[in-house]
Amino acid sequence: MLLVSTLRDERQRVLAGLNKRNLDAAESVDRVVALDDRRKELQSRLDNLLAERNSLSKSIGELFKSGRKDEANEKRQRVNEIKEQTGPLEEELEQAVSQLEEELLQLPNVPHERVPAGRSAEDNEVYRAHEGELPTLGEGAHPHWELATTYGIFDLELGVRTTGSGFPVFTGQGARLQRALVNYFLDRNSSAGYTEYAPPLLVNEDTARATGQLPDKEGQMYYVSADDLYLIPTAEVPLTNLYRGELLDADQLPIRLTGYTPCFRREAGSYGAHVRGLNRVHQFDKVEIVQLARPEESYTKLDEMVEHVAGLLKELQLPFRILRLCGGDMGFTSAMTYDFEVWSAAQERWLEVSSVSNFETYQSNRLKLRYRTERGTELLHTLNGSALALPRIIAALLENNQSADGILLPEVLHGYFGKDRLTPVG
RNA sequence: GGAGGAAUGGCAGAGUGGUUGAAUGCACCGGUCUUGAAAACCGACGUACCGCAAGGUACCGGGGGUUCGAAUCCCUCUUCCUCCGCCA
């Protein structure tokens, strides 16, 4: 959630930024400021009345002690008059605050200065192109959903039997590969200074709201109505919320967290060739990294996270590129996002495997996540990124590494997997 | 699921209707002393909102109520602890 003070003090920058998201927010910003003016006015009127009530109450106590009952009763009368005014005023104030909040919730984060304007994925900036030639597989190369059958990696039909479409069942060496990747990612993240957590997979409404999944992505999440809980679409949600409401000391920063969780996404309404196999599923595994950083350091930390993820992909020896998302393609809560895409040689297209973002104070404002500075308290910046999302990594490993001798795994996985390659089944 | 108990500032822990935003201890910060450190002593020490400021308001798990006045009384919810039952 944006700060009202930002909307007031940096109106032009905010409007220009939101414009990169193809959003004309001038009216909305004006409404927010007007509502906030009203809020302040009501607040100070109410405070004055309460101050009068408090001082009258105090003197009533003293009058009673000294036995001057008549005077006390007179003042009691006056307090009752005040209370007739404070009641409605409190309601008005409450209403103004919730209207203000509702209005603020509609505004997405302001893109960073370096974020390009644009409408869709086509306008994203190639931040780091793949070096050299893209690998080609030639005739007879198979997409991963075909390899999955040959090698017994996962089974979509079994998923349909137990659950429905979009819930792959990983089998045999596929399940083992999954576990190998999770362990590899967690170990690498831990070595880089991220503390490992295993958070809940269901979260309450406050948690989903604080990181911005609500109200923006309501339809994306599975909702358990009997208990009023949401299945997490990403570990970002519980991990970032671990620090909700905290007031940290500067020397605790930055805080680095990592966690492996399944992720659940309803992904309503998208079917077709591009969602075959593992390209898009309702449940998938992901290892996430999160940082809570001082504002002045957050973009350095963002770069650090980008390099970390790039390091993982290099070790996996997958061809990849990094995009800087344009305003139109960026998530609601983000100020800057880098997407990582690996090249699928069999499908001849790029597959997104990681998204690394800086949310600046957009989440921390809802989280009430602050730290102490010499100047007082300040909101922290929150960042997160996938390191990494498994299904498309598996798809890319299968497709790019297929050979007459099986699917050859990068060296870094040999120890985790227990073998250097996947072999056909049956 | 049943029966009890508890929830107060960074921590510990007082406080059962009136100048208590909250005693005291510890921690932390500043200072005195010391060659330095420790000890001792002195001082400062919650957060948010309104206000140029002075100052004001709110907050003692959440919400509601009683009262001129609530950390303190009542209702309700949540969480934690103990015991019993059930269970991976």
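Chain letters run A, B, ... following the sequence lines, proteins first, then strands; residues in each count from 1.
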Which residues satisfy the salt bridge (charged side-chain N to carboxylate O under 4.0 Å, His left out) test with A:E146, sequence neighbours excluded?
none
Angle class for the A:Y127/A:Y338 ring planes (parallel below 30°, perpendicular above 60°, tilted otherwise)?
tilted
Take atom C1' in B:rC45 and the same atom in B:rC28, then report the distance between them in whole Å.
8 Å
Looking at residues at least two apart in the chain, or sitting in another chain, which of them share a salt bridge (charged side-chain N to carboxylate O under 4.0 Å, His left out) with A:R188?
A:E315
B:rA3 pairs with, by Watson-Crick or G-U criteria that keep both distances under 3.5 Å:
B:rU82
Rounded distance (Å) that lies between atom P of B:rG46 and atom CD of A:E246:
19 Å
Give the table of side-chain donor-acceptor pairs shorter than 3.5 Å for residues 225-233 of chain A, with sequence neighbours excluded, one pair per line with atom names and distance.
| unit_1 | atom_1 | unit_2 | atom_2 | d |
| --- | --- | --- | --- | --- |
| A:D228 | OD1 | A:Y223 | OH | 2.4 |
| A:Y230 | OH | A:E218 | OE2 | 3.4 |

Protein and nucleotides 26-29 of chain B: nitrogen or oxygen contacts under 3.5 angstrom:
none

Side-chain N or O of A:R45 versus OP1/OP2 of B:rC50: is the shortest distance under 4.0 Å?
no
Look through every strand shown and name the nucleotide pairing with B:rC59 as Watson-Crick or G-U wobble, where both distances are under 3.5 Å.
B:rG46
Pairing of A:R209 and A:E205 as salt bridge, 4.0 angstrom limit:
yes
Taking the P atom of each, how far is B:rA58 from B:rU20, in whole Å?
16 Å
Across all strands, who's sitting opposite B:rG9 as a Watson-Crick or G-U wobble pair, both distances under 3.5 Å?
none
By the 4.0 Å heavy-atom rule, please label A:T377 as base, sugar-phosphate, or nothing.
sugar-phosphate
In the 5'-to-3' direction, what one-character label does each nucleotide of nucleotides 55-81 of chain B receive under the scheme B = base within less than 4.0 Å of a protein heavy atom, S = sugar-phosphate only, - = no such atom?
-BSS---------BS------------
Write down the distance separating the P atoms in B:rC83 and B:rC29, rounded off to the nearest Å.
40 Å
Can you tell me how far C1' in B:rA70 sits from the matching atom in B:rG4, rounded to whole Å?
27 Å
Nucleotide paired to B:rG17 in any strand shown, Watson-Crick or G-U, under 3.5 Å
none
Nearest-Å distance for atom pair CZ/P, residues A:R372 and B:rG46
9 Å
Quick one: side-chain contact (heavy atoms from CB on, under 4.5 Å) partners of A:N401, sequence neighbours excluded?
A:L397, A:I407, A:P410
Which whole number of Å gives the distance between the P atom of B:rG10 and that of B:rA6?
23 Å
With rounding to the closest Å, how many angstrom separate the C1' atoms on B:rC42 and B:rC33?
11 Å
Using the C1' atom as the point on both nucleotides, what is the distance between B:rU16 and B:rA22, in whole Å?
15 Å
C1' spacing across the pair B:rG25 / B:rC80, given as an integer number of angstrom:
25 Å
Atom-pair distance (CG on A:L49; C1' on B:rC50), nearest Å
14 Å
Nucleotide forming a Watson-Crick or wobble pair with B:rC52, both distances under 3.5 Å
none
Across all strands, who's sitting opposite B:rC28 as a Watson-Crick or G-U wobble pair, both distances under 3.5 Å?
none
Separation of B:rA48 P from A:L93 CG (nearest whole Å)
18 Å
Do the rings of A:Y299 and A:H112 sit parallel, tilted or perpendicular, given the 30° and 60° boundaries?
tilted
Strand partner of B:rA37, provided both Watson-Crick or wobble distances fall under 3.5 Å:
none
Side-chain polar contacts of residues 190-198 of chain A - donor-acceptor pairs under 3.5 angstrom, sequence neighbours left out - could you list them?
| unit_1 | atom_1 | unit_2 | atom_2 | d |
| --- | --- | --- | --- | --- |
| A:S190 | OG | A:L186 | O | 2.9 |
| A:S191 | OG | A:D187 | O | 2.8 |
| A:Y194 | OH | A:Q291 | NE2 | 3.1 |

Residue mapping more 5' on RNA chain B - nearest nucleotide basis, A:R370 or A:D36
A:R370
Residue pairs passing the salt bridge (Lys or Arg N to Asp or Glu O under 4.0 Å) test where at least one lies in residues 97-109 of chain A, sequence neighbours excluded
A:R31-A:E103
Donor-acceptor list for residues 87-98 of chain A side chains, cut-off 3.5 Å, not counting sequence neighbours:
| unit_1 | atom_1 | unit_2 | atom_2 | d |
| --- | --- | --- | --- | --- |
| A:E92 | OE1 | A:R38 | NH2 | 2.8 |
| A:S98 | OG | A:Q95 | O | 3.2 |

Short side-chain to backbone donor-acceptor contact, A:N365 and A:T361, under 3.5 Å:
no
